[in-house]
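Since the structure comes first, as structure tokens, the remarks are kept for the end.
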Amino acid sequence: MNQRWLKKIRVVAALVFLALSTLLFVDFERIGATPAATVAIYPQFIPSLLTFSQTLAWGATGFLAVLILTLLVGRVYCSTICPLGTLQDLVIRIADRLRPPRRVKFRYQKPHNRLRYGLLALTAGLLLGGSALALSVLDPFSNFGRIAGDLLRPLYVAVHNGVGQGLEMLGSYGPFPLQWKMPPLTTLIFPTVFLLGLAWLSAVKGRLFCNTLCPVGALLGLVSRFALFKIRIPKDACILCAKCSIHCKAGCIHLKTKAIDFSRCVACFNCIPVCEAHGIGYARSIPSPRPPLRPGEKGVSRRALLRGATTALLGLTGLAGASDSAAKPHNRTPTTIANPSPGPAAPPGAGAIARFNDLCTACHLCVSACPYGVLQPALLEYGLSGLLQPRLDYATGYCSYECNRCGQICPTSAIAPLDLVAKQTVQIGVAHFIRANCIVYTDHTACGACDEYCPTKAVHMTPYRDGLRIPEVREKLCVGCGACENACPARPHRAIYVSGHSVHQRAQRPVVKPLEAKDQSEFPF
Amino acid sequence: MHRRTFLQTLGVTASLALSSRADRLYATESTAAMPDLVAVKNGEPEALFDRGIEALGGMGRFVKKGQTVVVKPNIGWNAPPERAANTNPRLVRRIIEHCLQAGAKEVYVFDHTCDAWRDSYRNSGIEQAVKEAGGKIAPGHSESYFQTVAIAKGRRLREAKEHELILQSDVLINAPVLKSHGGAKLTVAMKNLMGIVWDRGEWHSSNLHQCIADFATYRRPDLNVVDAYNVLQRHGPRGVSTADVANMRSQLLSTDLVTVDAAAAKLFGVDPDTVDYIRIAGEMGIGRKDLENLQIQRITL
């Protein structure tokens with residue numbers, strides 16, 4: 001039986017998924033609206049599962065496809081589709097180049113079943129209880145998104161624009177420079193620490209992350225126990241060359257018993273081409289009596305699962321309480337010249353911040369996609385349960401009235417897809433005007449930048465004095481886009497700012513009055 | 001050849017014939033005999049421009065063979081053409097076609113947009129129009145394209161960061177759209193030049209009207225073409241809906257941007273002296289706004 005081609009297919013497929021996912025996050029404009037984006041996002045497990053839980057849509061059945069695939073041949077998801085998995089494979093390759101060659105690449109590792117299934121139970125429990133915090137922290141797709149979108153994107157933009165500048169010196173425009181607006185630096189700490197930790201772990205221990213911390217790995221591990229085809233070592237053919245085991249980055253091949261812990265196998269197929277007996281490979285799985293447990297090794301007992309779930313629920317109650325008070329923003333009426341710290345604004349389509357916090361896994365694809373740079377990761381603005389989730393930062397941008405990309409692209413439907421007409425009446429917050437900060441008031445000069453940018457004329461100019469005009473806010477018309485706050489030139493405190501709603505409201509459509517007819521028969525000069 | 005391409009070529013050839021006729025007509029006349037202002041109305045954007053530029057002596061008067069031209073329309077906003085927040089793409093296309101016929105080497109089009117540049121270029125219809133006409137759409141959204149220049153005659157504004165294309169090109173054609181403006185009351189030719197400046201945000205906090213007039217002393221466009229086909233009568237510069245737009249089917253052309261602004265103000269229905277930057281520019285002698293003393297050619301199609 002020769003199945004060496006399996007590895008070649010796996011490598012090509014993995015690189016395609018990695019390339020598409022990376023491009024999606026670093027240069028959304030290029031492929032965001034193409035089928036390539038769908039190919040990259042559709043099979044991502046957690047985003048698809050969360051979207052399906054909201055919409056029951058056909059487009060969100062990727063997780064079912066992955067489950068079926070896993071039931072057939074095991075965790076192919078982990079070796080090909082998951083960009084974080086392929087990233088770890090890249091790290092291993094690079095580390096192998098840098099360190100002295102070694103014969104034994106990996107060794108058999110004991111399973112950490114209590115840890116991985118405990119975390120799975122905790123994640124599931126928190127999710128059912130209404131917090132996506134554990135998912136945000138552990139979900140592989142979202143972690144990859146933060147690495148690619150938050151850390152790699154600025155580098156990509158710098159190189160891209162450097163090339164563009166070079167071409168421009170040769171006298172041709174294009175590719176046009178990309179823009180990147182710097183997020184609060186504190187929000188980069190988590191992805192940086194995560195990346196360093198992951199790189200170290202994979203260089204030393206292979207795919208240990210996937211078999212300990214990753215909730216998708218744990219769930220698919222449970223499923224792959226029942227796979228129709230499994231990778232097996234034919235006991236009679238095996239000559240104990242140990243090649244399979246020392247090349248297994250999941251550390252799941254136990255030579256002494258010639259057994260493979262298929263629940264931890266990430267289906268990388270590295271063992272197949274190295275087998276000197278050409279024996280190891282897929283075989284139809286036959287129900288066999290449970291292999292006896294080795295001393296010091298514990299199987300997943302029902303009791304362990306139960307214990308994990310209890311821990312999860314305990315954690316949940318504590319967190320839910322904490323997030324309840326912190327996640328609900330409150331609007332304060334401005335009384336002083338310094339802007340009161342306004343409630344955070346969630347993107348249109350989030351519905352309510354509590355709902356949004358439950359569904360968003362902070363993958364930051366919307367941050368990459370937003371052409372206005374208004375979406376930035378939150379630190380604790382939403383409270384702990386909204387850690388790293390995107391919020392509207394009106395200092396870096398504003399939400400364009402003509403744009404609904406974030407909802408169209410959100411892989412988890414935390415930002416529900418709204419058509420443009422519907423989105424234009426969603427009020428995510430309301431603008432507040434501080435007259436004493438306004439340049440018209442302080443400097444006695446014309447301005448009107450806020451009115452210029454306001455898409456609904458919720459902000460409009462009213463007579464002031466000496467022929468000057470000063471802004472006024474009609475809250476019913478305001479959608480909370482923050483174009484006024486972004487445009488306001490007053491410093492250090494702006495004269496107009498938006499305070500986000502904890503539950504999104506509906507804004508009135510601007511009233512359409514017909515224009516007065518003018519006599520245009522003669523030139524007026 | 002597609003039918004549309006064919007028709008375009010036909011139109012271009014026809015107007016080429018027209019403009020060469022115009023060249024012959026005016027070949028013996030000096031530019032002093034040219035009207036100071038041409039006002040055309042009652043036509044589509046292309047026809048308005050064809051007649052308007054002919055009355056000004058044809059594009060050959062402004063663009064010589066081998067020159068680089070930059071056309072500066074208003075592409076400030078992410079809004080479709082019918083909202084009239086940006087210059088009509090059909091006019092932009094026609095201007096480029098005339099420039100290329102006159103022998104221009106390159107015709108660049110750009111704006112330092114207010115909304116995200118990619119969306120604005122696309123949804124205004126201007127990006128497509130430029131590409132189809134054979135011009136080059138250039139970016140204006142990165143500070144690296146801008147260089148600091150001194151505004152020697154400025155009263156308030158002493159320096160500004162200006163787009164390199166303006167500094168490098170032989171010919172500047174200013175192609176604003178006429179519309180209402182919340183901050184400046186009206187935006188036409190002078191105000192449109194804010195789009196070739198990077199650090200314009202500071203103008204808002206340091207006497208906007210004076211800054212607009214000051215900047216007009218720096219480089220006067222070789223030609224100003226005011227799009228008044230669709231005019232945003234209120235809620236400008238962005239507009240809320242097409243209900244704010246009046247279909248005026250007009251166009252104004254002049255080499256003097258104060259003249260064209262004053263005429264545009266009247267066309268819009270306001271006294272030019274009530275728009276501060278027009279009044280200031282007139283007082284500073286940047287251009288002439290005394291329309292009654294100027295030679296105006298009025299054309300009704």
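The chains referred to below are lettered A, B, ... by the order of the sequence lines, with proteins before strands, and numbering in each begins at 1.
Across A:Pro524, A:Gly448, A:Pro489, A:Ala446, the residue that shares the most heavy-atom pairs under 4.5 angstrom with chain B is A:Pro524. Between chain A and the options B:Gly269, B:Gly239, B:Ala243, heavy-atom pairs under 4.5 Å are most frequent for B:Ala243. Ranked by heavy-atom pairs under 4.5 Å with chain B, the first of A:Pro510, A:Pro177, A:Pro371 is A:Pro177. Among B:Ile296, B:Val240, B:Thr274, the residue with the largest count of heavy-atom pairs under 4.5 Å with chain A is B:Val240. Contact tally against chain B (heavy-atom pairs below 4.5 Å) for A:Arg469, A:Lys513, A:Arg491: the top residue is A:Lys513. The candidate with the highest count of non-hydrogen atom pairs below 4.5 Å against chain A, out of B:Met248, B:Lys136, B:His209, is B:Met248. Taking chain A as the reference chain and counting heavy-atom pairs below 4.5 Å, the highest number among B:Leu291, B:Asp244, B:Asp115 is found for B:Asp115.
Of the atoms belonging to A:Glu522, it is backbone heavy atoms, and not side-chain ones, that fall under 4.5 Å from chain B. B:Gln168 does not touch chain A: none of its heavy atoms, backbone or side chain, sits under 4.5 Å away. When heavy atoms are compared at a cutoff of 4.5 Å, B:Asp276 does not approach chain A at all. At a 4.5 Å heavy-atom cutoff, the contact between B:His235 and chain A is made by backbone and side-chain atoms alike. Using a 4.5 Å cut-off between heavy atoms, A:Pro514 contacts chain B through its backbone alone, with no side-chain atom that close. Looking at B:Trp77, only its side chain comes within 4.5 Å of chain A, counting heavy atoms on both sides. For a residue to count as touching a neighbouring chain, one of its non-hydrogen atoms must lie under 4.5 Å from one of that chain's; by this rule B:Leu165 touches chain A with the side chain only. For B:Leu267, the parts lying near chain A are the backbone and the side chain together; criterion is any non-hydrogen pair under 4.5 Å. Using a 4.5 Å cut-off between heavy atoms, A:Gln179 touches chain B through its side chain atoms alone. Using a 4.5 Å cut-off between heavy atoms, B:Arg118 contacts chain A through its side chain alone, with no backbone atom that close.
Distance check: B:Ser241 OG to A:Arg509 CZ gives 9.5 Å after rounding to the nearest 0.5 Å. Taken to the nearest 0.5 Å, the CZ atom of A:Phe523 stands 14.0 Å off from the NZ atom of B:Lys266. Between atom OG1 of residue A:Thr445 and atom CD of residue B:Gln210 there is a gap of 10.0 Å, rounded to the nearest 0.5 Å.
Among the residues in residues 471-480 of chain A, none has a non-hydrogen atom closer than 4.5 angstrom to a non-hydrogen atom of chain B. Contact residues of residues 394-409 of chain A toward chain B are A:Tyr398, A:Ser400, A:Tyr401, A:Glu402, A:Arg405 (heavy-atom distance under 4.5 Å). Of residues 449-463 of chain A, those residues lying under 4.5 Å from chain B by any heavy-atom pair are A:Ala449, A:Asp451, A:Glu452, A:Tyr453, A:Cys454, A:Pro455, A:Thr456, A:Lys457, A:Met461.
Scanning all heavy atoms of the two residues, the minimum distance from A:Tyr372 to B:Ala116 falls at CE2-N, 3.2 Å. Scanning both residues, A:Phe176 and B:Ile137, for their nearest heavy atoms gives CZ-O, 3.2 Å. Nearest heavy atom pair, residue B:Ala246 against residue A:Leu515, reads N-CD1, 3.7 Å.
For A:Ala158, there are no side-chain contact (heavy atoms from CB on, under 4.5 Å) partners at least two apart in sequence or on another chain.
No more than 12 heavy-atom neighbours from other residues, nucleotides or ligands sit within 6.0 angstrom of CZ on B:Arg51.
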